[in-house]
Amino acid sequence: MSKSVGNVIDPHAMIAEYGSDTVRLYMTSEVGVGQDLNFSDDRIKSIHNDVLANNYGNLVNRVLSLWIAHRDKGETIPVIPETSPAILDIVNDYKNMLGKWINTSRMFIDVDTVLNMANNMLNTTEPWKKSGEEKGKLLVEGIVYVYYATLLLSPFIPEATGKVMKAMGIKEDTKLDDPILIDLNTITKPEILFVKK
C-alpha cells in the first residue's frame with residue numbers, strides 16, 4: 001500500500017466496520033510482528049465471521065447457554081475435570097512463544113486448534129441430546145475448552161474475552177498455569193460477542 005498510489009487502508013474505517021478485536025486478530029494472526037501484511041478485505045471478513053462469530057462466539061454461546069439451562073433445572077453439578085494432555089500440549093506450545101511475540105501467527109494456530117477441538121467435541125457428543133449426569137459432564141468439558149480458548153485469545157481480542165471472563169468469573173490476572181477456578185453455579189451468559197457481516 002502506498003500513499004502516492006492512493007491504495008491506503010484507513011484503520012479507523014476497518015475498526016468501525018469490524019470492531020477493534022477483529023482488526024487486532026487479523027493483523028496478528030496473518031503474520032508475525034514486524035512483517036509485511038498483504039491486506040485482504042475477504043480475509044478480514046472471514047476472520048470476523050468464520051473464526052470469531054462462528055467458531056468462538058457460537059462456542060461460547062452454545063456451551064454457556066446449555067450449561068445455564070442444565071444447571072438451573074437443579075441438576076447435579078459435576079467436578080471440573082483435569083485438563084486433557086492434548087490441551088496442555090497446546091498451552092505449553094503457546095506459552096513458549098508468548099514472551100517472544102515474534103510468531104503471533106503461530107500462536108493463533110494453537111488458538112484455532114483448541115476452538116476446532118471444542119466444536120468437534122460438541123458436534124460429536126451432542127450434549128443437547130443427552131440428559132442428567134452425562135449431559136452435565138459433557139457441558140463442563142465444553143466449559144473447560146471455553147476457558148482455555150478465552151485465555152489463549154485474550155491477548156488478541158481483549159474486549160470480547162473480557163466479557164466472557166466476566167460471565168465465567170475468571171479473574172483478569174489468571175495465568176495459563178493457574179488451576180481452573182470457576183464457580184459453575186454463578187456462570188452467566190455474556191452478551192452477543194460478534195455480529196456476522
Of all heavy-atom pairs linking G57 and L193, the shortest is CA-CD1, 4.2 Å

Suppose we screen for salt bridge (charged side-chain N to carboxylate O under 4.0 Å, His left out). Which residues come up paired with D93, at least two apart in sequence or across chains? R106

Nearest 0.5 angstrom please: N58 CG to L52 CG, how far? 11.0 Å

Measure the spacing between CG of L25 and CD1 of I44 and express it to the nearest 0.5 Å. 9.0 Å

Kindly work out whether a path of hydrophobic side-chain contacts (I/L/V/M/F/W/Y, heavy atoms less than 4.5 Å apart) joins F156 to I15. yes

Is V51 reachable from M121 through a run of I, L, V, M, F, W or Y residues, each pair having side-chain heavy atoms under 4.5 Å apart? yes

Compare all side-chain heavy atoms of V111 with those of M107 and state whether any distance is below 4.5 angstrom. no

Does one hydrophobic cluster hold both L88 and I180, with members joined at side-chain heavy-atom distances below 4.5 Å? no

Listed by chain and number, what are the ring-ring contact (aromatic ring centres under 6.0 Å, His included) partners of F194, not counting sequence neighbours? H48

Can you pull the ring pair (Phe, Tyr, Trp, His ring centres under 6.0 Å) pairs that have at least one residue in residues 114-135, sequence neighbours excluded? none

Within residues 164-174 or reaching into it, pairs that qualify as side-chain hydrogen bond (donor to acceptor under 3.5 Å, both in side chains) - sequence neighbours excluded: none

Can you list, pair by pair, the side-chain donor-acceptor contacts under 3.5 Å of residues 139-153, counting residues two or more places apart and other chains?
from : atom 1 : to   : atom 2 : distance (Å)
Y148 : OH     : T83  : OG1    : 2.9
T150 : OG1    : Y56  : OH     : 2.7
T150 : OG1    : V146 : O      : 2.7

Side chain to side chain contact (heavy atoms under 4.5 Å, CB included) partner of L59, chosen from V114, N54, L115: L115

Smallest separation among heavy atoms of L138 and P127, with atom names: CB-CB, 3.9 Å

Restricting to non-hydrogen atoms, name the atom on S154 and the atom on T161 that form the minimum distance, rounded to 0.1 Å. CA-OG1, 3.4 Å

Could you state whether I182 and I77 fall into the same hydrophobic cluster, counting links through intermediate Ile, Leu, Val, Met, Phe, Trp or Tyr residues with side-chain heavy atoms under 4.5 angstrom apart? yes

Between atom OH of Y18 and atom CG of N49, what is the distance when rounded to the nearest 0.5 Å? 7.5 Å

Applying ring pair (Phe, Tyr, Trp, His ring centres under 6.0 Å), which residue pairs with at least one partner in residues 157-191 are found, sequence neighbours left out? none

Rounded at 0.5 Å granularity, tell me how far CD1 in I47 sits from CG in D21. 12.5 Å

Residues passing the side chain to side chain donor-acceptor pair (under 3.5 Å) test with E159, sequence neighbours excluded, are S20

Return the set of residues passing side chain to side chain donor-acceptor pair (under 3.5 Å) with N55 (not counting sequence neighbours), or none when no residue passes. N116, N119

Please tell me whether F108 and L176 are part of a single hydrophobic cluster in this structure, the criterion being side-chain heavy atoms less than 4.5 Å apart. yes

In short, salt bridge (Lys or Arg N to Asp or Glu O under 4.0 Å) pairs touching residues 178-197 with sequence neighbours left out are K163-E191

Does anything in residues 124-133 pair up under salt bridge (Lys or Arg N to Asp or Glu O under 4.0 Å), and if so which pairs, sequence neighbours excluded? E126-K129, E133-K137

Which residues satisfy the side chain to side chain contact (heavy atoms under 4.5 Å, CB included) test with A16, sequence neighbours excluded? none

Sub-3.5 Å donor-acceptor pair from the side chain of R24 to the main-chain atoms of P155, do we have one? yes

Return each pair, listed once, that meets salt bridge (Lys or Arg N to Asp or Glu O under 4.0 Å) where at least one residue sits in residues 50-79; pairs must be two or more places apart or across chains. none

